[in-house]
Number of protein chains: 2
Amino acid sequence: MNTLELIKKNLDTFSKSERKVAEAILASPQTAIHSSIANLAKIAEVSEPTVNRFCRRLDTKGFPDFKLHLAQSLANGTPYVNRNVNEDDGPEAYTSKIFESTMACLNAAKNGLDTNLINRAVDVLTQANKISFFGLGASSSVAHDALNKFFRFNIPVSCFDDIVMQRMSCINGSEGDVIVLISHTGRTKPLVEIAQLARENDAFVIALTAEDSPLAEQSNLVLSLGVPEDTDIYMPMSSRIAQLVLIDVLTTGFTLRRGAKFRDNLKRVKAGIKDSRFEKTNDEAL
Amino acid sequence: MNTLELIKKNLDTFSKSERKVAEAILASPQTAIHSSIANLAKIAEVSEPTVNRFCRRLDTKGFPDFKLHLAQSLANGTPYVNRNVNEDDGPEAYTSKIFESTMACLNAAKNGLDTNLINRAVDVLTQANKISFFGLGASSSVAHDALNKFFRFNIPVSCFDDIVMQRMSCINGSEGDVIVLISHTGRTKPLVEIAQLARENDAFVIALTAEDSPLAEQSNLVLSLGVPEDTDIYMPMSSRIAQLVLIDVLTTGFTLRRGAKFRDNLKRVKAGIKDSRFEKTNDEAL
DNA sequence: ATTCGAATGTAATAAAATGACATAAAAACG
DNA sequence: CGTTTTTATGTCATTTTATTACATTCGAAT
């Protein structure tokens with residue numbers, strides 16, 4: 001855990017002098033990591049061994065080791081705990097807060113992912129006869145994005161954000177079809193019904209959604225992003241970014257699995273859009 | 001700059017013994033930060049002052065200071081320099097590489113952004129009579145996403161990924177219209193033409209695109225993400241994520257600017273989708 | 001009020017880092 | 001090709017820094 005947060009959290013478990021040390025560090029972490037133990041002791045108005053004991057209490061080997069941990073926690077982007085945007089933030093402030101919280105969220109998502117499940121999902125996708133991506137509302141753009149990526153593999157792939165089309169597509173389904181359903185909450189009724197319908201028609205259902213949600217229960221394979229969406233007054237932001245990155249991961253896994261043969265396909269698609277470009281075209285998507 | 005990368009880059013500027021130190025550190029940075037100077041000297045098979053001199057050469061005050069820098073650079077997500085996916089990566093490997101490179105990319109984007117321009121863009125958006133988001137190909141999902149966000153503000157907003165619709169929409173435009181064009185390269189011909197057309201019809205054109213691109217030249221305001229897209233054989237991934245986060249930033253700026261009054265609107269939209277959900281509905285998007 | 005135990009500080013010790021100097025290696029020059 | 005000069009490296013002494021052992025103080029409990 002972030003050392004700085006750890007200190008903050010344990011403030012009341014410290015003794016009087018140790019708290020002085022804690023406060024001196026919190027007041028200026030940057031000073032702390034560049035001070036000797038003697039210097040920090042003077043700043044905190046305690047003795048040197050007290051500082052040392054403080055460090056040990058935080059599960060470090062001693063003062064130098066503690067400085068290392070602290071330095072790392074300072075480097076970690078989010079120096080202070082609360083990164084929520086508030087009313088009177090200026091452009092500078094809210095821009096970096098949003099970027100930082102998105103990064104933190106991706107980091108959390110990364111750590112919470114089960115790579116075995118990802119591998120399974122890639123397995124299933126590579127063997128699919130046809131792949132469909134469905135999402136509603138905010139998740140529909142994630143589905144579109146997935147379409148845009150998978151379509152380059154030159155395999156049958158579709159994407160609908162219209163519930164009627166989704167239903168029809170499911171009904172016409174058959175074994176070998178893979179349906180990828182995207183929903184952050186996993187509680188969107190129509191989508192849960194789609195999952196049922198798809199399975200009744202022998203399709204394989206992969207869900208990008210929350211664990212233990214109704215949608216998860218109806219799916220064959222669940223890729224959950226343990227992103228505790230900050231239920232602030234704004235809208236789902238980070239969670240969706242994490243979904244997109246997960247799509248990137250699946251796409252990459254797919255590409256690797258299919259091997260060199262399929263990489264040629266990508267090149268062909270890219271070449272195809274080349275002449276709709278101005279010169280100096282470096283080959284990626286529009 | 002990242003200390004580890006710095007060492008790697010300057011490998012050939014070091015002297016023979018110093019290179020030994022560099023290699024010992026690169027071989028196991030984790031060991032390095034937990035060693036004393038004596039220990040590291042022994043590992044690298046050099047004398048202690050050599051290690052010290054090595055540290056100074058990297059613009060640090062000495063060995064302890066160097067360890068601090070190194071520790072920070074190790075904490076920064078990208079422990080090793082080359083984070084590109086390669087053929088024989090397993091799920092574990094490519095998953096974390098993609099997440100990490102996305103995070104690194106967001107960090108770069110964050111640092112490269114001009115918050116003054118963001119503020120201007122928010123200004124323009126709040127004063128718009130009508131906002132349109134246009135993108136083609138991979139960027140169309142970004143446009144969709146923007147639509148999904150801005151539509152909640154209860155203002156006239158549209159989004160087309162069809163070039164004909166985009167043209168028509170521009171032709172019907174008038175002063176007070178704001179067109180947001182999204183293109184990573186800024187070299188997609190049709191979109192550049194749209195920019196021209198829009199301006200001829202007195203619309204204000206905001207471009208999310210590369211600096212100094214044809215599209216940038218045709219726009220009133222350019223928000224550029226200095227994301228040097230890794231032109232590997234895969235597809236644009238990180239750059240698009242950065243665009244999405246930028247949309248998040250604009251949305252947030254918009255919300256803050258409009259103040260409390262408009263936040264009620266958001267609540268109403270959320271309430272509106274509530275009954276299409278299963279119980280335990282926490283109010284965010286689908 | 002007294003005693004016990006925890007918390008803190010003092011001073012000695014050990015460890016680590018740095019500086020000064022000497023030597024060895026390499027480069028430049030005749 | 002040898003000599004000189006420069007640069008790089010190592011040895012050893014010094015200083016700084018961290019840690020340990022022990023003494024003292026403070027505060028709570030009896």
Side-chain angles (χ1 to χ4, degrees), chain A residues 3 6-74, chain B residues 3 6-74:
Chain A
T3 306
L6 195 70
I7 296 174
K8 222 168 199 169
K9 211 187 69 184
N10 292 28
L11 255 186
D12 31 307
T13 72
F14 297 136
S15 70
K16 203 168 54 182
S17 302
E18 282 172 346
R19 177 173 298 146
K20 279 195 211 169
V21 179
E23 270 157 11
I25 292 167
L26 289 173
S28 175
Q30 286 299 335
T31 310
I33 60 171
H34 291 112
S35 298
S36 68
I37 194 169
N39 200 259
L40 184 58
K42 211 170 70 186
I43 293 171
E45 296 177 305
V46 298
S47 70
E48 301 178 20
T50 300
V51 176
N52 204 296
R53 281 188 281 261
F54 169 85
C55 297
R56 299 245 166 96
R57 195 169 299 274
L58 275 95
D59 290 316
T60 63
K61 268 200 75 185
F63 184 68
D65 189 43
F66 169 78
K67 280 207 290 191
L68 242 52
H69 282 260
L70 184 59
Q72 296 202 324
S73 106
L74 289 177
Chain B
T3 306
L6 195 70
I7 296 174
K8 218 165 200 172
K9 211 185 69 184
N10 293 27
L11 255 187
D12 30 306
T13 72
F14 297 137
S15 71
K16 204 168 53 180
S17 301
E18 280 172 348
R19 176 172 302 145
K20 279 195 209 166
V21 180
E23 270 156 12
I25 292 166
L26 289 173
S28 176
Q30 287 298 336
T31 310
I33 60 171
H34 290 113
S35 297
S36 68
I37 194 168
N39 201 260
L40 184 59
K42 209 169 69 186
I43 294 171
E45 297 180 303
V46 297
S47 69
E48 302 179 20
T50 301
V51 176
N52 205 297
R53 282 187 281 262
F54 170 84
C55 297
R56 299 242 166 102
R57 196 169 298 275
L58 274 95
D59 290 316
T60 63
K61 269 199 75 185
F63 183 69
D65 189 41
F66 169 79
K67 279 207 292 191
L68 242 51
H69 282 260
L70 185 59
Q72 296 202 323
S73 106
L74 289 177

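Each chain gets a letter, A, B and so on, in the order the sequences are listed, and its residues count up from 1.
Contacts with DNA chain D (heavy atom under 4.0 Å) in residues 12-19 of chain B: B/Ser15, B/Lys16, B/Ser17, listed by number.
For residues 28-48 of chain A, no residue pair satisfies the ring pair (Phe, Tyr, Trp, His ring centres under 6.0 Å) rule, not counting sequence neighbours. Here salt bridge (charged side-chain N to carboxylate O under 4.0 Å, His left out) pairs that include residues 18-40 of chain B, with residues two or more places apart or in two chains, are B/Glu18-B/Arg57.
Remark: side-chain polar atoms of B/Glu48 are not paired, donor with acceptor, to backbone N or O of B/Ala38 under 3.5 angstrom.
Among the atoms of the strands shown, only primed sugar atoms or phosphate atoms (P, OP1, OP2) are found under 4.0 Å from some heavy atom of A/Val46.
Put simply, NZ on B/Lys42 and CD1 on B/Ile37 are 14.0 Å apart, with the number rounded to the nearest 0.5 Å. Atom-to-atom distance recorded for A/Ile7:CD1 and A/Leu58:CG is 5.5 Å, nearest 0.5 angstrom. Here the CG atom belonging to B/Leu40 is positioned 7.5 Å from the CZ atom belonging to B/Phe66, to the nearest 0.5 angstrom.
With sequence neighbours excluded, no residue forms a side chain to side chain donor-acceptor pair (under 3.5 Å) with A/Ser36.
Here C/dA7 presents its C1' atom at 16 Å from CZ of A/Phe54, a figure rounded to the nearest Å.
With a 4.5 Å cut-off on side-chain heavy atoms, A/Leu68 and B/Lys67 count as touching. For the pair B/Ile25/B/Phe54, a side-chain contact is recorded, criterion being any heavy-atom separation below 4.5 Å from C-beta on.
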Please tabulate the protein-to-nucleotide N/O contacts below 3.5 Å involving nucleotides 17-19 of chain C, giving atom names and distances.
from	atom 1	to	atom 2	distance (Å)
C/dA17	OP2	B/Ile37	N	2.3
C/dT18	OP2	B/Asn52	ND2	2.2
C/dT18	OP2	B/Phe63	N	3.0
C/dT18	O5'	B/Asn52	ND2	3.1
C/dG19	OP2	B/Arg56	NH1	2.8
C/dG19	OP2	B/Arg56	NH2	2.8

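Other residues, nucleotides and ligands place no more than 12 heavy atoms under 6.0 Å from the CG atom of A/Asp59.
Taking 4.0 Å as the cutoff to heavy atoms of chain B, we find the contact window on DNA chain D bounded by D/dA8 to D/dT11.
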